[in-house]
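Reminder, nothing fancy here: chain letters follow the sequence lines and each chain counts from 1. Please read all numbers here as calculations on a predicted model, not as lab measurements.
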Protein chains: 2
Amino acid sequence: SVNPDLSSERQTASFSVEKLTALLDGGTEQTRIRRAVVEAIQSDPVFSRENQYFQTQNERYEAAVRKAVHLQKKMHEMGWTENGPEYKYIYRALSGDVAFLLHRVFMRSISMLGSDKQIAKWIPLATQHKLIGSYAQTELGHGTYLQGLETTAVFDTATQEFILNTPKISAMKWWPGDMGRSATHTVVFAQLYIHGKCYGIHPFIVQIRSLQDHSLCPGITAGDIGPKMNFEHIDNGYLLLKNVRIPRENMLSKFCEVRPDGTYVRQGSQQINYFTMTSVRIALLSDEVLTPLMKACTIAIRYSAVRRQSKLKPGEQEAKILDYQTQQEKLLPQLAAAYAFHFTNDYLQELFNRGYREIQRKNFDMLPELHALSSGFKAMITQHCTAGVEICLRACGGHGYSLLSGLPSLYTKIIASCIYEGENTILLLQTARFLIKCFMAANAGQPVPPSVTYLAAVKHGKCPAKNKLDFLSPDIYTEAYQHVAVRLTSSTAAKLQDLIQSGVKKHDAWNQCTVQLVQAAKAHCHYIAVKNFAETVEKLETKAGIQKIMKHLCDLFALHGIFSNTGAFLHDGYISAAQMDMVTASYLDLLAVIRKDAVPLVDAFDFTDKSLNSALGSYDGQVYQRLYEWAQKSPTNQMSPAYERYLKPLLHNTLSKL
Amino acid sequence: SVNPDLSSERQTASFSVEKLTALLDGGTEQTRIRRAVVEAIQSDPVFSRENQYFQTQNERYEAAVRKAVHLQKKMHEMGWTENGPEYKYIYRALSGDVAFLLHRVFMRSISMLGSDKQIAKWIPLATQHKLIGSYAQTELGHGTYLQGLETTAVFDTATQEFILNTPKISAMKWWPGDMGRSATHTVVFAQLYIHGKCYGIHPFIVQIRSLQDHSLCPGITAGDIGPKMNFEHIDNGYLLLKNVRIPRENMLSKFCEVRPDGTYVRQGSQQINYFTMTSVRIALLSDEVLTPLMKACTIAIRYSAVRRQSKLKPGEQEAKILDYQTQQEKLLPQLAAAYAFHFTNDYLQELFNRGYREIQRKNFDMLPELHALSSGFKAMITQHCTAGVEICLRACGGHGYSLLSGLPSLYTKIIASCIYEGENTILLLQTARFLIKCFMAANAGQPVPPSVTYLAAVKHGKCPAKNKLDFLSPDIYTEAYQHVAVRLTSSTAAKLQDLIQSGVKKHDAWNQCTVQLVQAAKAHCHYIAVKNFAETVEKLETKAGIQKIMKHLCDLFALHGIFSNTGAFLHDGYISAAQMDMVTASYLDLLAVIRKDAVPLVDAFDFTDKSLNSALGSYDGQVYQRLYEWAQKSPTNQMSPAYERYLKPLLHNTLSKL
């Protein structure tokens, strides 16, 4: 039975939840396929996550391997293929709790970087799981700065082999997933040396464990890097190479080849490599970043509708905590952000697909813009969503702190997204470099990519809003965001120029501007996100209440950004103090409006209870019952040796009842 | 051997690290005592935390009980007593990794709320550990709102007993520490009923486990609430009472008594109760909130001095990441905040001691101010320090994400401080209520407590700063903070008045202002923190470079607050846009200045390697070696059954070396 405090929230929805779900999925057919995959996976006990919060790292790893192996069988059974429409929903249905993800990266890297001959040899072996692959790039001493990797691969013409070595401890491979305990092979990135000359970083296929008994191969030291904040199911590993010899054919050679005599030949364009990084950054947003925020919102908002605490009005029943303005101000902006970034992700996907088509035609013009946008948005969205999950966690008070709420593991996992696939600050500085370049070009009258043409149009106007309702106009707030992005970019460009003209060296000047460059890059992405949300809303169908509620969320997303960062808008008086008070008023008004639809808005994300794996977030809102039942199953309710060993001797003097 | 990248940082310290340590400790004698305690504890293998990151919740609990029992022996051996000068350093030396903390709260509650007779009976039993106590206040359904607790205690005149019950699931006690597995007794807070009339919440001593065999007493259901984000060493528990009868003498009766005939007698003042909450909120700041931030800063800053990544200048060696402006901007404000809040804590302690002396003389006048300041600062400091630890964690990139860095456990523990002992938003609203009241009083010409007299002096002036150096003047920035605090308080008071005058009911009006009230409360605390830091610096001795470096940190703390919240200062033009650019310039300049002393500034916190328990933060900076050695000891490097069970069958077709 559904908690009446929750069912009452659903009866007053201003829109069709089912229609909104279909919109998020990209159509009713997609919804149908997704639900079928979720049902097939979640009804299979092998994929259960019920005991996840009770398991040790060793147990999590074992379960993830079991699931990965079982998944092969399941896919075969269900007729799902890697190119089928179901495939993209599998990982989400498993909540990512499965091994061998790096095996897929291993395959992708061979497909992208290997010669046709190498692809023909390795891909079938990998596909049939006759080996388990990994991808060994990051080292103890180098993550961000790939050129600094220290592993060496020296070509030996006599034997036609590469000799791989870890010359010092900082060169040890560190972090590669699936490598600590599972992988038999890996792609090692190493500095290539031929006849004593260094040719930079290249990828090599290296066998690290025996296919007979899984023992480490000669010259290989490898293991698991130990406990982490999350990802207990993954065996992130270390790898130390000592005179490991591999045949010449094992250097991935689509772009570069070493001939038998040691001649180094570079062939083809490497620009596609940047495109790979771009594709990964965009690909991770949906499952690794947006889904966790949507789950956190679902849990926190459902809980806030059933948790009653203290009285809003004297003499009345205790109020739902969702009725407190401060609680709304914590949660509803996160909900708006989840929708905003869902549409940003659509925008990036579309841009990416367009870029991909161009690249197929050997047109690489879109690459810089794609790189800048994927970098900036990866940073901005992971940052916002991580902060959002944390806010949801804290907004559930003590119960949010229990692992059984599901929120701690969402948080400890999503925070990694701020670090992997490019550390966020570094990424924002890449976006900023693009912005500064385009700003200069635009102001010199040169053409610039579409997303930055606005930089040419530096306007010194003022915001025309006259009352608080004007701030519900997308034109008004989008213009304000644009104005701030231009101002921050142009003022930082000016500071950079001034420093250089005053004699500061270029790289020093750049470093002295980086704090402000990061601000400019964020402002740029925020502007695009707001603009894209507003444009998306405009195109939505007006029936079933969808457009109206999305418009509210768009307004909230935009006004929350202004309210949380008033200085950027007030700085040059584009928005006046009186106007800022209107923003605040409109923003607070919106909270009360959206609060009415808060539960239907998270219902539309359509997570099953098994997906949420949360005592606070279940569809029926029976929070306390579930917490109690679940806690009773915890291993901490088994007998502890602590009593016999320590407590009994301590208490032994007192044998009578007090 | 110390990593040369770290030792070079120490050679150029502008001040005496030893003198700064003594300042933080409150004198060289205190430093000596603290170090002796740390040495005695950390050289004892029973107190080792070496395996902590590898242990399960069950193992952590067992270790914590072992340590708690051993600590009794140790204290006896060392001649440490609860009233001795060493006592306060024990918990810090153990890094809080010990059981029976709630046993102490049990004792304190009896001392504070019990009659002389009750104290005479129970305190000796507890002191000698003839029982283990807990403190059962929070329920599944109620934490913040104590009046809403649902557990009942019905007085039965026939048997002279109270009958305790958990009438519904939400009334189950939930979270009490030491209760899940250890405690034999607990103080239960329940609604007292006599002859059918409810007299509100009262405390009762209840035995929950047998002293013979530790089995649950009749009518008691109790256990552990399961996995949490941290606090694995504590058995937070649940408790369900079914017709549990306790003698009339077990109601703690310093303030209220139930006579044999059922007559309810209230005696003495309960105001002291508020003082208890105040004292707990102040007491937790040092060990639970400031120490973790100081540890996180130590780890992240030492690591940033030995981690080299990418090149600042082309052709040169890779740069220390601490040399990047963006890294400085992440870490150094946290360092400044750690010092700022250390001095805030001193200020609160002093105020508290003064309040305590007054209360001894039956003068309760200081209570409202003390309550407001302890609430607001508990919220503000826990919030800032939690955010600071998270920033430190992320600033260490991938390695910060490893539990071996020590940062994840600092984070997952400190975040709880935002929730326990009063949820932060609720606390800030209590401060705000005090502010609004004082603002009204002050403007009506009535006297107000010292910390809020400034509210009477609403000035409409402008900031007089003329160049960026002016913003290094404490008068300039302290005035700016004061101005903002007054403006936010007065504007919110005005909004509240307007709403009420326009017919909105008082409680609705309050709710509609809470987002802004929270802002006002934060601004008030921030102002006091800045003012107190500036005043402290002024009084410091000028020799040994201490005052100079503290002045820099004070400036950074103040300017970072403005830089991160520009809108509040720009809003009414108190600081102009041109002045804000000066703030930014001064702020960024300061980062480069303080960066030079960053390592000595964390060295002064004087944490041992065992206290930090971090592969990244050790004094010698041998980061990579330590990560590698430590990871090899992880249980994840033991044989996993996953190979035989799943991997071998998967790979079994391929028996030849590829």
* Structure fact -> Cut-off 4.5 Å, heavy atoms of chain A, and the answer for B:M172 is side chain
* Between A:Q383 and B:R394, is a side chain to side chain contact (heavy atoms under 4.5 Å, CB included) present by the stated rule, with each step listed? -> CA-CA 11 Å; A:Q383 162 73 37; B:R394 287 201 208 178; 2.9 Å; yes
* **Any donor-acceptor N/O pair, B:Q57 side chain to A:T636 backbone, under 3.5 Å** => no
* With sequence neighbours left out, what residues match B:H70 under side chain to side chain donor-acceptor pair (under 3.5 Å)? -> B:D44
* **chain A contact via B:K330 - side chain, backbone, both or neither, heavy atoms under 4.5 Å** => side chain
* Structure fact -> From the list B:R181, B:Q327, B:M639, the residue making the most non-hydrogen contacts under 4.5 Å with chain A is B:R181
* To do: Counting only heavy atoms closer than 4.5 Å, note whether A:L393 contacts chain B via side chain, backbone, both or neither.
  => side chain
* Region of B:L403 that comes under 4.5 Å of a non-hydrogen atom in chain A -> both
* Do the non-hydrogen side-chain atoms of A:R308 and B:Y145 ever get within less than 4.5 Å of each other? -> no
* Asked: Parallel, tilted or perpendicular: which fits the ring planes of A:F231 and B:Y401, with parallel below 30° and perpendicular above 60°?
  -> perpendicular
* Most contacts with chain B, counted as non-hydrogen pairs under 4.5 angstrom, among A:W510, A:Y324, A:F569 -> A:Y324
* Residues A:E62, B:R645; criterion side chain to side chain contact (heavy atoms under 4.5 Å, CB included); working and verdict -> CA-CA 9 Å; A:E62 192 191 328; B:R645 285 186 197 157; 2.3 Å; yes
* **Interface moiety of A:F563 toward chain B, non-hydrogen atoms closer than 4.5 Å** => side chain
* **A:L588 side chain near B:Q516 side chain, heavy-atom distance below 4.5 Å** => yes
* Name the region of B:T566, side chain, backbone, both or neither, that has any atom closer than 4.5 Å to a heavy atom of chain A. => both
* Can you tell which part of B:K495 gets under 4.5 Å to a heavy atom of chain A, answering side chain, backbone, both or neither? => side chain
* Asked: So which of B:S564, B:P314, B:P227 has the largest heavy-atom pair count under 4.5 angstrom toward chain A?
  -> B:P227
* **Spatial distance of atom CD1 (B:I415) from atom OH (A:Y411) [nearest 0.5 Å]** => 6.5 Å
* Given the options B:E232, B:E329, B:K633, which has more heavy-atom pairs under 4.5 Å with chain A than any of the others? -> B:E329
* Side chain, backbone, both or neither: which part of B:D508 has a non-hydrogen atom closer than 4.5 Å to chain A? -> side chain
* Considering non-hydrogen atoms only, spot the tightest contact between A:Y624 and B:I169 and give its length. => O-CD1, 3.8 Å
* Asked: chain B: which of A:Q72, A:H214, A:Q55, A:K505 shares the most heavy-atom pairs with it under 4.5 Å?
  -> A:H214
* side chain to side chain contact (heavy atoms under 4.5 Å, CB included) assessment of A:R209 paired with B:L647 -> CA-CA 12 Å; A:R209 286 187 179 91; B:L647 293 181; over 6 Å; no
* Hey, could you give me the CD/CG distance between A:Q512 and B:L591, rounded to the nearest 0.5 Å? => 11.5 Å
* **Contacting moiety of B:T184, where chain A heavy atoms sit under 4.5 Å** => side chain
* Asked: Quick one: CG on A:L429 to OG1 on B:T326, what's the gap to the nearest 0.5 Å?
  -> 6.0 Å
* Structure fact -> The interface call for A:A568 against chain B, heavy-atom contacts under 4.5 Å, is backbone
* At a heavy-atom separation under 4.5 Å, does B:Q625 approach chain A through its side chain, its backbone, both, or neither? -> both
* Structure fact -> Here the gap from A:H571 atom NE2 to B:T584 atom OG1, rounded to the nearest 0.5 Å, amounts to 6.5 Å
* **pair B:E390-A:E390: side-chain heavy atoms closer than 4.5 Å** => yes
* **Part of B:L240 lying under 4.5 Å from any heavy atom of chain A** => side chain
* Largest heavy-atom contact set with chain A, pairs under 4.5 Å, which of B:N511, B:T56, B:V65, B:L404 -> B:N511
* Atom of A:G398, atom of B:W175 and distance for their closest heavy-atom approach -> O-CZ2, 2.9 Å
* Name the option with the most non-hydrogen atom pairs under 4.5 Å to chain B; the candidates are A:N424, A:N565, A:D572, A:L627. => A:L627
* Is there a donor-acceptor contact under 3.5 Å from the side chain of B:N637 to the main chain of A:D224? -> yes
* Reported CG-to-CG distance for the pair A:D213 and B:L651, which is rounded to 0.5 angstrom -> 11.5 Å
* Asked: Can you tell me how far OG1 of B:T412 sits from CE of A:M229, rounded to the nearest 0.5 angstrom?
  -> 6.0 Å
* Where on B:V515 is there a heavy atom nearer than 4.5 Å to chain A: the side chain, the backbone, both, or neither? -> both
* **Part of B:Y643 within contact of chain A (heavy atom distance under 4.5 Å)** => side chain
* Structure fact -> Most contact-rich option vs chain B, by heavy-atom pairs under 4.5 angstrom, among A:V623, A:I426, A:D323, A:N230, is A:N230
* Should the ring pair A:W174 and B:H399 be called parallel, tilted or perpendicular, given that the plane angle runs from 0 to 90° and is split at 30 and 60? -> perpendicular
* Asked: Who among A:L140, A:I419, A:I132 has the most heavy-atom pairs with chain B under 4.5 Å?
  -> A:L140
* **Toward chain A, the part of B:S310 with a non-hydrogen atom under 4.5 Å** => both
* To do: Could you tell me whether A:Q147 atom CD has more than 12 heavy atoms of other residues or ligands within 6.0 Å of it?
  => no
* Asked: Contact part of B:Y628 toward chain A, heavy-atom cut-off under 4.5 Å: side chain, backbone, both or neither?
  -> both
* Would you mind telling me which of B:Q325, B:K228, B:K313 has the largest number of heavy-atom pairs within less than 4.5 Å of chain A? => B:Q325
* **Note: B:R307-A:E423 ion pair, threshold 4.0 Å (strictly below)** => no
* Asked: Side chain, backbone, both or neither: which part of A:Q638 has a non-hydrogen atom closer than 4.5 Å to chain B?
  -> both
* Name the member of A:S182, A:A416, A:G141 that forms the most heavy-atom pairs with chain B at distances under 4.5 Å. => A:G141
* To do: With a 4.5 angstrom heavy-atom cut-off, could you sort out which part of B:Y420 is near chain A: side chain, backbone, both or neither?
  => neither
* Asked: Who among B:A63, B:P408, B:G573, B:G223 has the most heavy-atom pairs with chain A under 4.5 Å?
  -> B:P408
